Amino acid sequence: MPRISQSTTLEQVEHILGSGSGILDFAVEGENDYYTWEDGEDANWEIEDVDCVKNVEEDRFIMFPEGDSFTCEVETEEDGSRVRCWCE
């Protein structure tokens, strides 16, 4: 799995796997592996335009977009990082 370590934009994200420990895995259309972002339990991430969330009561959950896919911006800085995802 490729780890996200610098600011990047992911397009055509089909779904997002998340966990309470601050890890997000992004499934990008046409890619075989997930892109992984890890921060911590108090991680700064915001996912908009979510159609449904499965396994919401579990440690690992999956979010599906309202539209065809998410666009996700990952900003990395010295004092932490931030993720924002939405549908176009």
Side-chain angles (χ1 to χ4, degrees):
M1 279 189 240
R3 284 229 181 279
I4 299 171
S5 60
Q6 58 186 335
S7 294
T8 190
T9 300
L10 298 172
E11 297 179 342
Q12 302 296 315
V13 177
E14 297 176 330
H15 64 269
I16 301 168
L17 295 174
S19 77
S21 62
I23 297 173
L24 296 177
D25 292 318
F26 304 92
V28 176
E29 182 180 331
E31 300 282 337
N32 292 328
D33 290 327
Y34 284 93
Y35 287 85
T36 300
W37 172 79
E38 183 175 0
D39 198 335
E41 287 186 32
D42 60 346
N44 187 5
W45 55 270
E46 176 183 343
I47 312 295
E48 301 173 7
D49 306 321
V50 174
D51 181 51
C52 69
V53 179
K54 294 188 178 182
N55 297 333
V56 72
E57 300 298 324
E58 304 293 325
D59 181 49
R60 292 288 280 170
F61 53 89
I62 185 169
M63 294 174 275
F64 293 96
E66 281 182 352
D68 293 332
S69 63
F70 290 112
T71 296
C72 297
E73 289 182 344
V74 180
E75 298 175 6
T76 58
E77 300 173 3
E78 287 183 21
D79 59 344
S81 60
R82 177 180 176 271
V83 173
R84 181 176 169 266
C85 299
W86 69 93
C87 290
E88 303 254 341

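These values consider heavy atoms only, across backbone and side chains, with no hydrogens, waters or symmetry-generated copies. Predicted model, so just to flag it, every value in this text is computed and none were measured.
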Applying side-chain contact (heavy atoms from CB on, under 4.5 Å) to Cys72 and Ile16, what does each step give before you reach the verdict?
CA-CA 10 Å; Cys72 297; Ile16 301 168; 4.1 Å; yes
Would you say CD of Gln6 has more than 12 non-hydrogen atoms from neighbouring residues, nucleotides or ligands within 6.0 angstrom?
no
Rounded to the nearest 0.5 Å, how far apart are CD of Glu75 and CG of Asn44?
9.0 Å
All heavy atoms of Cys87 vs all of Pro65, minimum pair found to be SG-CB, 3.5 Å
Does Ser19 reach the main-chain N or O of Asp59 with its side chain, forming a donor-acceptor pair under 3.5 Å?
no
Roughly how far apart are Ser5 OG and Glu38 CD, rounded to 0.5 Å?
12.5 Å
Results of ring pair (Phe, Tyr, Trp, His ring centres under 6.0 Å) for Phe61 - residues two or more places apart only
none
Does Phe26 belong to the same Ile/Leu/Val/Met/Phe/Trp/Tyr cluster as Ile23, with side-chain heavy atoms less than 4.5 Å apart forming each link?
no
Worked check of side-chain contact (heavy atoms from CB on, under 4.5 Å) between Phe70 and Leu10:
CA-CA 8 Å; Phe70 290 112; Leu10 298 172; over 6 Å; no
Could you tell me whether the side chains of Asp25 and Thr36 share a donor-acceptor contact shorter than 3.5 Å?
yes
With side-chain contact (heavy atoms from CB on, under 4.5 Å) as the criterion, how do Val83 and Asp39 come out once you've worked through the C-alpha distance, each side chain's angles and the decisive distance to 0.1 Å?
CA-CA 10 Å; Val83 173; Asp39 198 335; over 6 Å; no
Apply ring pair (Phe, Tyr, Trp, His ring centres under 6.0 Å) to Tyr35 and list each qualifying residue two or more places apart in sequence or on a separate chain.
none
Using 0.5 Å steps for rounding, measure from the CD atom of Glu88 to the CD atom of Glu11.
7.0 Å
To the nearest 0.5 angstrom, please state how far the CE atom of Met63 sits from the CG atom of Asp51.
13.0 Å
So, are Arg84 and Glu48 salt-bridged, with charged N and O less than 4.0 Å apart?
yes
Would you give the length of the straight line joining atom CD1 of Ile62 to atom CD of Glu14, rounded to the nearest 0.5 angstrom?
10.0 Å
Run the numbers on Trp86 and Glu73 for side-chain contact (heavy atoms from CB on, under 4.5 Å), then give the verdict.
CA-CA 9 Å; Trp86 69 93; Glu73 289 182 344; 3.6 Å; yes
Look at the rings of Phe64 and His15 and say which category their plane angle falls in: under 30° parallel, 30 to 60° tilted, over 60° perpendicular.
tilted
